[in-house]
Protein chains: 2
Amino acid sequence: MAKPTKELDILKHHLSKNNLKLTRQRENILTTFLKMEHVTAEQMYRLLAKKDPHIGLATVYRTLKLLCETGLAQEQHFGTQTQFDNVAHKGHHDHLICTTCDKIIEFENCQIEELQEEVARKNGFTIRTHKLELYGNPVQLSSGECKNCGKDLSNQDVRR
Amino acid sequence: MAKPTKELDILKHHLSKNNLKLTRQRENILTTFLKMEHVTAEQMYRLLAKKDPHIGLATVYRTLKLLCETGLAQEQHFGTQTQFDNVAHKGHHDHLICTTCDKIIEFENCQIEELQEEVARKNGFTIRTHKLELYGNPVQLSSGECKNCGKDLSNQDVRR
DNA sequence: GTCATTGCAAAGTCTTTGCAGGTGA
DNA sequence: TCACCTGCAAAGACTTTGCAATGAC
């Protein structure tokens with residue numbers, strides 16, 4: 001099936017190191033996961049169910065957690081929603097989230113990361129991971145709608 | 001009971017504006033909330049139950065949500081945990097979270113905030129709120145323990 | 001053949017909702 | 001008075017766990 005990837009090797013290595021086995025489900029989940037920037041467990045479940053209708057949601061949860069342990073994925077909480085980020089391919093990135101249409105834009109900014117390190121250093125900390133989310137929306141039209149999705153924004157408070 | 005505060009006035013104003021009523025429970029929750037930097041619904045419930053054993057957890061959830069609507073509180077998700085932050089007194093702040101003992105340190109950094117605005121501007125966004133969390137731990141001792149709480153850190157991966 | 005893994009269903013956790021009785025303005 | 005509130009219990013959303021059958025090595 002899928003040609004060997006660096007990521008598959010990472011998974012295999014983690015599996016053998018921990019006496020675990022490479023199953024069809026695990027391989028499918030990894031393959032699908034690598035095509036995405038981020039997924040929720042539910043989304044992953046629905047994607048997989050198209051090809052393999054008998055897949056269980058519990059397996060998806062278990063495998064996504066496994067991918068986090070290998071370092072290929074990283075669990076992220078946006079508001080109330082839990083997403084699994086593909087860090088393997090893109091490296092670390094932060095998020096800009098549209099509060100009207102829930103679209104997520106990824107970005108990186110070295111200057112911010114440096115300032116974060118500085119804050120940590122001042123507090124005697126070593127940063128292991130971090131999370132930065134900006135919530136907002138595209139400049140609104142004079143008519144009061146979101147430029148992206150058209151929803152009415154005129155009665156939303158701005159609070160930073 | 002509690003002498004009048006600016007925050008109580010904000011609450012009263014919001015209530016009357018929306019045809020809501022000031023109840024004993026709402027006043028108690030506000031009073032307790034103002035003493036804290038942040039609480040979970042469960043913590044708030046236990047604190048209140050000491051004085052008023054018949055308080056309902058649902059009331060706590062409803063009232064904390066109400067405080068968010070007034071702008072006195074702000075809901076924050078740390079990992080899997082939901083906290084309600086007291087923004088009224090301290091203004092916006094970000095968080096430095098110890099991954100070994102879960103202690104939360106609050107900080108502010110204007111330079112980071114400016115860079116955030118810049119990122120948003122480049123993407124045509126207006127920031128409505130943001131969230132920055134640094135996860136890490138105090139410099140570890142040569143023996144491998146967390147300086148803060150003594151837990152063993154030597155086998156934790158550093159991934160940024 | 002052995003032991004990890006799977007799918008299913010049941011159980012957990014956290015939060016919200018429906019409702020009947022209580023209460024503030 | 002009358003609509004809003006409360007506490008309780010039930011329902012929901014999301015995630016984890018127990019278990020018997022299945023499958024990888």
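Within every chain, numbering begins at 1; the chains are lettered A, B, ... in the order of the sequence lines, protein sequences first and strands thereafter.
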Do side-chain atoms of [X] reach the backbone of [Y] as a donor and acceptor pair under 3.5 angstrom?
X: A:Lys17; Y: A:Lys12; result: no
X: A:Thr32; Y: A:Ile29; result: no
X: B:Lys131; Y: A:Lys131; result: no
X: A:Asp94; Y: A:Glu108; result: no
X: A:Asn123; Y: A:Val119; result: yes
X: B:Asp52; Y: B:Leu48; result: no

Quiz item: What one-letter contact string describes nucleotides 20-25 of chain D from 5' to 3', where B marks a base within less than 4.0 Å of any protein heavy atom, S marks contact via sugar-phosphate atoms alone, and - marks no contact?
Solution: ---BBS
Any side-chain donor-acceptor pair under 3.5 Å between [X] and [Y]?
X: A:His95; Y: A:Gln76; answer: no
X: B:Tyr45; Y: B:Gln43; answer: no
X: B:Gln83; Y: B:His38; answer: yes

Find the distance [X]:[atom1] to [N]:[atom2] and express it as a whole number of Å.
X: A:Asn28; N: C:dT6; atom1: CG; atom2: C1'; value: 13 Å
X: B:Ile29; N: D:dT6; atom1: CD1; atom2: C1'; value: 11 Å
X: B:His77; N: D:dA13; atom1: NE2; atom2: C1'; value: 14 Å
X: B:Gln43; N: C:dC14; atom1: CD; atom2: P; value: 12 Å
X: B:Glu27; N: D:dC5; atom1: CD; atom2: P; value: 15 Å
X: A:Asp52; N: C:dT5; atom1: CG; atom2: C1'; value: 14 Å
X: B:Glu42; N: C:dT16; atom1: CD; atom2: P; value: 13 Å
X: A:Leu67; N: C:dT5; atom1: CG; atom2: P; value: 13 Å

Quiz item: Mapping A:Thr63 and B:Leu57 to their closest nucleotides on DNA chain C, which lands nearer the 5' end?
Solution: A:Thr63
Quiz item: DNA chain C: B:Gln81 or B:Arg62, which has the more 5' nearest nucleotide?
Solution: B:Gln81
Considering just the side-chain nitrogens and oxygens of [X], establish if one lies under 4.0 Å of OP1 or OP2 belonging to [N].
X: A:Tyr61; N: D:dT16; value: no
X: A:Arg26; N: C:dT5; value: yes
X: A:Lys65; N: D:dT15; value: no

Practice problem: Can you figure out which of D:dT15, D:dG18, D:dG7 approaches the side chain of A:Thr82 most closely? | Solution: D:dT15
Quiz prompt | Estimated bend of the helix from C:dG1-D:dC25 to C:dA25-D:dT1 (axis per five terminal pairs, rounded to 10 degrees) | solution = 30°
Donor-acceptor pairs are to be reported for all side-chain atoms of residues 60-68 of chain A against protein atoms at under 3.5 Å, with residues two or more places apart or in another chain.
residue, atom, partner, partner atom, Å
A:Thr63, OG1, A:Thr59, O, 2.8

Self-check item: 5′-ward residue of the pair B:Asn19/B:Tyr45 relative to DNA chain D
Solution: B:Asn19
